[in-house]
Protein chains: 2
Amino acid sequence: MIFTLRRLPGSDDVRVALPLVRRTRDPHEGQWALPGGWLDVSESLVAAASRTLSETTGLAPSYLEQLYAFGAVDRSPTRVVSIVYWALLRADDVSTELDSADQRENVQWFDAATLPRLAFDHNEIVDYALWRLRNKVGYSRIAHGLLADEFTLAELREVYEAILGRRLDPANFRRQVENSGTLIPTDRFRTGSHRPARLYRYNQDVELADRGPLGDRD
Amino acid sequence: MIFTLRRLPGSDDVRVALPLVRRTRDPHEGQWALPGGWLDVSESLVAAASRTLSETTGLAPSYLEQLYAFGAVDRSPTRVVSIVYWALLRADDVSTELDSADQRENVQWFDAATLPRLAFDHNEIVDYALWRLRNKVGYSRIAHGLLADEFTLAELREVYEAILGRRLDPANFRRQVENSGTLIPTDRFRTGSHRPARLYRYNQDVELADRGPLGDRD
DNA sequence: TCAAAAGTGTTCAAGCTACACCCATGC
DNA sequence: GCATGGGTGTAGCTTGAACACTTTTGA
């Protein structure tokens, strides 16, 4: 499951988007489904997730984490246990790649809020992943995975707003994120419209204890 | 992975305890390991976890949740992917069963804080599960899974203290848990020493949004 | 000069912490 | 009576929400 942000063409809104693949074989042929693949005998779970991701989008994720193992007996005609991972892609990486994606005609990007009916139990999986994403944005720095190295506070706030689905007070957001100690101000500014905004970087030193003793392994 | 609470014989302290099984075959023969088993072709993941649990302890869990899927290539001589579940048992259920457990000589209960070196990567798995338990006690009502139907606030606080590993202020604990709306006071009291303490039940109606859209399924 | 975003200050309410204090029971 | 845990009250601090306000740019 791959998430990124896209600016809606007609409006100023930023939305969560994800790529789906059209099924070309019989269980649910023609329907859209999450990209997936089989685990190789000598391949770790993350490695398999990473490989599948790259086969679908041609990109390396900026964040990758196990979501859940789905194993109900009736979720597929044949018995399948899916160990689902979710990933974040930076918007600028995606945009440089969109043209080639057009050529993979069986891959298409969708707005996460308005998905069609998907194959298998994939709608439930997406719902759960979106719930995790919304939760996690509050207590970890995954927003970083959706931004370039340097960004303004307004851009960071846009990410939070897209994920949480509601507006945040710019003044309070600034203070909260500044006090968290995870941001380093640079001496560069983003100009172009109105008053220039200071650019920030994420502080790599702060441990987030995001995943507890699991850390970055597995 | 099975958790319960036990009162230390010598002291008044309550500690988190878990059962381990002694390996009787070659990878890590003789070492202690988490109970586990193979997934049947027509068996859901929870069902397999539940079955393994009952085969180990002869008991049904009061709480059962998927922990994580471990799939590093080198975690076992042969390739094994373990989808680990964790469970809670009520202390009183366990104590009625302890005698028969003595007969299963390859099963033994350990204090979670002072475990020996376990087989495979099982120490890491326990660490991660304990971290999840500590986190989760803060925002969900899993403490319920370690208590009888009716309990005093002091007993509930003991559960929190055992899991978190620190003392809590009785006055503040009372207010927090009362204001959470998850407890229903009964008109019964626990007598026997000093002033009788009111017994409480958990309010089954409150949704905890514990696992998000996953709910109790899978 | 004006619109609009960047950035600062202030107030209010809610929640948590520490701790003093009263209440009811067994011994 | 008195020790002890059950239970209540309260002052101080921190955090977050709301919103008024100042600053700096492009047009």
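It should be emphasised that the depicted structure is a prediction, and the values quoted were computed from it without experimental measurement. Each chain gets a letter, A, B and so on, in the order its sequence line appears, and its residues count up from 1.
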**Asked** Which whole-number value in Å describes the distance from B/N179 CG to C/dA14 C1'?
**Response** 11 Å
**Polar contact flag, side-chain donor to acceptor under 3.5 angstrom, A/Y68-B/R211** = yes
**Message:** Please tell me whether A/Y63 and A/E65 have a donor and an acceptor in their side chains that are separated by less than 3.5 angstrom.
**Reply:** yes
**Message:** Using every non-hydrogen atom in the two residues, find where A/N203 and A/G181 come nearest and quote the distance to one decimal.
**Reply:** ND2-O, 3.6 Å
**Between B/R141 and B/S180: side-chain donor-acceptor atoms closer than 3.5 Å** = no
**Message:** Please verify the inter-ring angle class for A/Y202 with A/F151; under 30° counts as parallel, over 60° as perpendicular, anything in between as tilted.
**Reply:** tilted
**Prompt:** Once you round it to whole Å, what is the distance between C1' of C/dG7 and CG of A/L183?
**Reply:** 15 Å
**Message:** Taking A/R198 first and then A/E150, would you say they form a salt bridge - that is, a charged N and a carboxylate O separated by under 4.0 Å?
**Reply:** no
**Item:** Distance in angstrom units between A/R190 CZ and C/dA4 P, rounded
**Value:** 21 Å
**Message:** Contact list please: residues 165-178 of chain B against DNA chain D, heavy atoms, distance less than 4.0 Å, in numerical order.
**Reply:** B/A171, B/R174, B/R175
Between the protein and nucleotides 22-27 of chain D, list every N/O to N/O distance that falls short of 3.5 Å.
{"unit_1": "D/dT23", "atom_1": "O2", "unit_2": "A/R195", "atom_2": "NH1", "d": "2.6"}

**Asked** Do A/R132 and A/N135 have side-chain atoms, one donor and one acceptor, less than 3.5 Å apart?
**Response** no
**Prompt:** Quick one: B/R198 CZ to D/dT8 C1', roughly how many Å, whole number?
**Reply:** 14 Å
**Request:** Report the relative orientation of the aromatic rings in B/F120 and B/H122; use parallel for angles under 30°, tilted for 30 to 60°, perpendicular for over 60°.
**Result:** tilted
**Prompt:** For B/L153 and D/dT8, what is the distance between atoms CG and C1' respectively, to the nearest whole Å?
**Reply:** 13 Å
